[in-house]
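All values below come from the heavy atoms of this structure, side chains included, with hydrogens, waters and symmetry mates left out. Chain naming here is simple, since letters A, B, ... match the order of the sequence lines and numbering starts at 1 in each. Keep in mind it's a predicted model, so treat the numbers as computed, not measured.
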Amino acid sequence: MPSMDHVIAARTQMGTSLAFHIVFAALGVGLPLLVFIAEGLWLRTKRQAYYDLARTWAKGMAILFAVGAVSGTILSFELGLLWPQFMKYAGPLIGLPFSLEGFAFFIEAIFIGLYLYGWDRLTPVQHWLTALPIAVSGAISAGFVTLVNAWMNMPTGFRFANGQVVDVHPVVAMFAKPWLVEVLHTTIAAYVVTGFGAAAVCAFALLRRSAEDRREHVLAGLKIAMIVAVIAVPLQWIVGDVIARFDSDNEPAKFASMEALFHTQRGAPITIGGLVGSDEVRYAIEIPKGLSLLVAFNPNKEVSGLDRVAADDRPPVALTHYSFDAMVGTASLLLLVAAVWAFFELRKRTMTNWLLAGVALCGPLSVVALEAGWCVTEFGRQPWVARGLLRTTDAVTMAPGLDIFFYVFSFVYVILAAMCWWLLRRVGTHAHDNGHSSEHDAFARAS
Amino acid sequence: MSTPLVVAAIVTLAGIAAYALFGGADFGGGVWDLLATGPRQGLQRTTVSHAIGPVWEANHVWLIFVIVAMFTCFPPAYADLATGLNAPLSIALIGVVLRGAAFVFRNYATDSPGLAQTWTVVFGAASIIAPFFFGDAVGAVATGNYAWLSPFALSVGVFAVALCSQAAAVFLLRETNIPQLQADFRRRAIRSTIAVWVLGLVPALLAKTAEPSFFAALTGSSARIAIVVAMLLGIVVMLLVARGHDMLARVAVGAEFLAVLIGWFGAQAPNLVPGHWTLASAASPASTLTAFLIAVAGGMVLLIPSLILLFMVFKGPARAT
Ligand code: HDD
Ligand code: HEM
Ligand code: HEM
């Protein structure tokens, strides 16, 4: 068995890479939709503000998409570089969704080329339409990769005999039991993050009065982005609730860890926060009988605790529980701000600075929810990579030098993030120029 | 070998060929960007940027395609390769990542010349590192013991960089219609074709002493034909470039790449990783191969028209600028 340090080095690298990639991936799903809406509104109304908005968002999309593509490439390598034994077992089973995802990437990359460089080579309507395949294939590629995660949570489509995976059915494996809810939840998360992310940038600009010359375009951006968020957040709550109930039936160890429920009991409480020890939680806020109610709509229903899980099959309870609380906590704030904004908008009240500040805060908060959600699913699955099939410690690579590459890649991420931040700020503040502006501006003048 | 296995192997090789040619030409563009010199230095770089800009992300997906094909169809060989070649592949990966990011960063940082300059250098350097270490990894596979630091493997890396530069120079001929600039790229295309010719002989000579079994395979009948064809095509490329038949030169370069790859992997077949895995011993179950091939066939129905659209919009004859 490989030394623990080795496993930790590999897990840290995988976790860092995914935590980095997922942000760009989520924006890669959502931004094409925003761009599509903005440019469509411009085509209909011919209002310059919509045109400027589409151009600004498209520039952000170009930068974010490039970083999403390279960080995704790191991940596809890391699956093999860090977890060769996992891929050896799982490759035949999960290769199918990854292959399909590959084609979604092709379509995405091709149309993003057409969109970004096609302003003066396509007619306005053609150009607008090239954003649609980007948006669709982005969502689909996120869906395919989530199918892999669903399979890791509940592996299926094979039999295990004499240490060998036999009777492989890739199509069955592709649709593991949690597939639908997980795909919905992850896809909607992308719209939550993009909606609040883009709205936060606009709200911030309004608060700082840094875009007074472009006020109309910033207000339009705020509205479009918030509409997307306001639709997505309640849906996300509904789907999240379904997943939690699904887990209580199908993944009891994960569910008990999320809720930090150590003892199997009737009338189990909801536990929020607290200090998670090795077999109890102290100082937590408890909602009596809440968990039993949520799980079965019955206050006296019995809920399985960690005492039913063998000691070496338990996930890291504290990490899973805090991650879950972080997701639900931030999700609550997102819901609150979305509701207040919708109220103001429907009543046609002018936005107060308090509300704008709330929206600006929701940008980073939505990313916290996204990251925390993945931590729930990843930590809650431990000690397994593929539950019941392969333990994480057995999946790791034996190659030397992991720690060196971990530092190198971490350094690369820091540089990429810093550079992205710098460029995006420029895009936000210098709306009217950029690298290939000459040809674009010619188009703007012609139209 | 079963039919799905043969087809899956061909599809994987086709993916490698597509990445070598299109991804390789993108890398080569970076090389010429780094080596841009003379009175038209700036123009040369602009041409590279305009040529790569719309297509690099799509070209890059061929790499993902190859990886996915490998771990879907030949998982144990993939696991071994990823372990044995961990170091060169990780370095190549860093090259791939930095060049993609650097390309976008320098194009969007135009009003900060210092920063744009730095990323231009990173872009060029990473464009050499990536193909070098991919080539090195391919050479290391042929040694049978992942000897990626052996002179043989390293010489394959150098050869790979030369191939990329050649493809890029030939492709760039049709990306501009400024005569002097075309003349610059024409000189580069001819020189790099000569370099490919010479540098291609080095691994072969090294193999003769260091890798006798691979050398024997290379000079076996079928591989020999492909290699002779590749060498002849190199001469054809040179003639076409010199005569100004730029479109035909593109086709000839593509054929040359294909011949090199067929010669190389043909020499190894039916081994996938000599000494460790054959295509058959590493293959996934038939159900997986079949599902993969159906997915590829379905995907191609969408991919091919989209690619044609992309190249029609951007890769027609250069427009007046
Ligand atoms: C903006 C992001 C976001 C928001 C607002 C929420 N989630 Fe979430 N959640 C995710 C983003 C996310 C995610 C990152 O997308 C995950 C990781 C894996 C997955 O399928 O979705 C996730 C996973 C995840 C899981 C674990 C899935 C598993 O591995 O079995 C549960 C139980 C929930 N969520 C429940 C909720 C509930 C009850 C929410 C509302 C209160 C909620 N989520 C809001
Ligand atoms: C479908 C996509 C994903 C796949 C295929 C995947 C795969 C893996 C694999 C193979 C491991 C290593 C084994 C293990 O620790 O279980 C891992 C670990 C990890 N991943 Fe994921 N992952 C995915 C999505 C994500 C995302 C989006 C995040 C974002 C935050 C994430 C966070 C982590 C973390 C934190 C670990 C380390 C877990 C630990 O140390 O306990 N994963 N993932
Ligand atoms: C749940 C987790 C994940 C989601 C939601 C997701 C989604 C996406 C999306 C939407 C994109 C395209 C948008 C962009 O580039 O900005 C993307 C790019 C990419 N992702 Fe992920 N991904 C996830 C995890 C992974 C994993 C685990 C891998 C590797 C095995 C991976 C590999 C890639 C690759 C290779 C690309 C680049 C494609 C290109 O070159 O265009 N992703 N991902």
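Side-chain contact between B/Ser90 and A/Leu81 is present, with at least one heavy-atom pair separated by less than 4.5 Å. Residues B/Pro75 and A/Met87 have side chains not in contact (no heavy-atom distance under 4.5 Å, counting atoms from C-beta outward).
Chosen from B/Ile94, B/Leu89, B/Leu85, the residue pairing most often with chain A at heavy-atom distances under 4.5 Å is B/Ile94. When the candidates B/Thr290, B/Leu303, B/Leu93, B/Thr288 are compared by the number of heavy-atom contacts under 4.5 Å with chain A, B/Leu93 comes out ahead. Between chain A and the residues B/Trp56, B/Trp119, B/Phe103, the largest count of heavy-atom pairs under 4.5 Å involves B/Trp119.
When heavy atoms are compared at a cutoff of 4.5 Å, B/Val55 does not approach chain A at all. Only the side chain of B/Pro285 comes within less than 4.5 Å of a heavy atom of chain A; its backbone N, CA, C and O stay farther away. Heavy atoms closer than 4.5 Å to chain A are found in both the backbone and the side chain of B/Met300. Neither the backbone nor the side chain of A/Leu82 comes within contact range of chain B; no heavy atoms are under 4.5 Å apart. Both the backbone and the side chain of B/Leu307 have a heavy atom closer than 4.5 Å to some heavy atom of chain A. A/Leu100 touches chain B through its side chain: at least one heavy atom from C-beta onward sits under 4.5 Å away, while N, CA, C and O do not. Of the two parts of B/Leu81, neither the backbone nor the side chain holds a non-hydrogen atom closer than 4.5 Å to a non-hydrogen atom of chain A. Heavy atoms closer than 4.5 Å to chain B are found in the side chain of A/Ile107, but not in its backbone. Only the side chain of B/Phe65 comes within contact range of chain A, judged by heavy atoms closer than 4.5 Å. Of the two parts of B/Leu302, the backbone and the side chain both hold a non-hydrogen atom closer than 4.5 Å to a non-hydrogen atom of chain A. Neither the backbone nor the side chain of A/Tyr115 comes within contact range of chain B, judged by heavy atoms closer than 4.5 Å.
The 12-atom threshold is not exceeded at OH of A/Tyr89, counting heavy atoms of other residues, nucleotides or ligands nearer than 6.0 Å.
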### Task
Apply the test side chain to side chain contact (heavy atoms under 4.5 Å, CB included) to residues B/Leu310 and A/Leu114: give CA-CA distance (whole Å), side-chain angles for both, the deciding distance (0.1 Å), then the verdict.
CA-CA 6 Å; B/Leu310 180 72; A/Leu114 284 163; 3.9 Å; yes
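Classified by interplanar angle (parallel below 30°, tilted 30° to 60°, perpendicular above 60°), the ring pair A/Phe98/B/Phe71 is perpendicular. Ring-plane geometry between A/Phe77 and B/Phe134 is classed as tilted, the angle between the planes lying from 30 to 60 degrees on a 0 to 90 degree scale.
Taking the six-membered ring for Trp, B/Trp62 and A/Phe106 have ring centres closer than 6.0 Å.
Inspection of the B/His60 and A/Thr73 side chains reveals an N or O donor paired with an N or O acceptor under 3.5 Å.
Nearest heavy-atom pair, B/Val68 versus A/Gly95, reported as atom, atom and distance to 0.1 Å: CG1-O, 4.1 Å.
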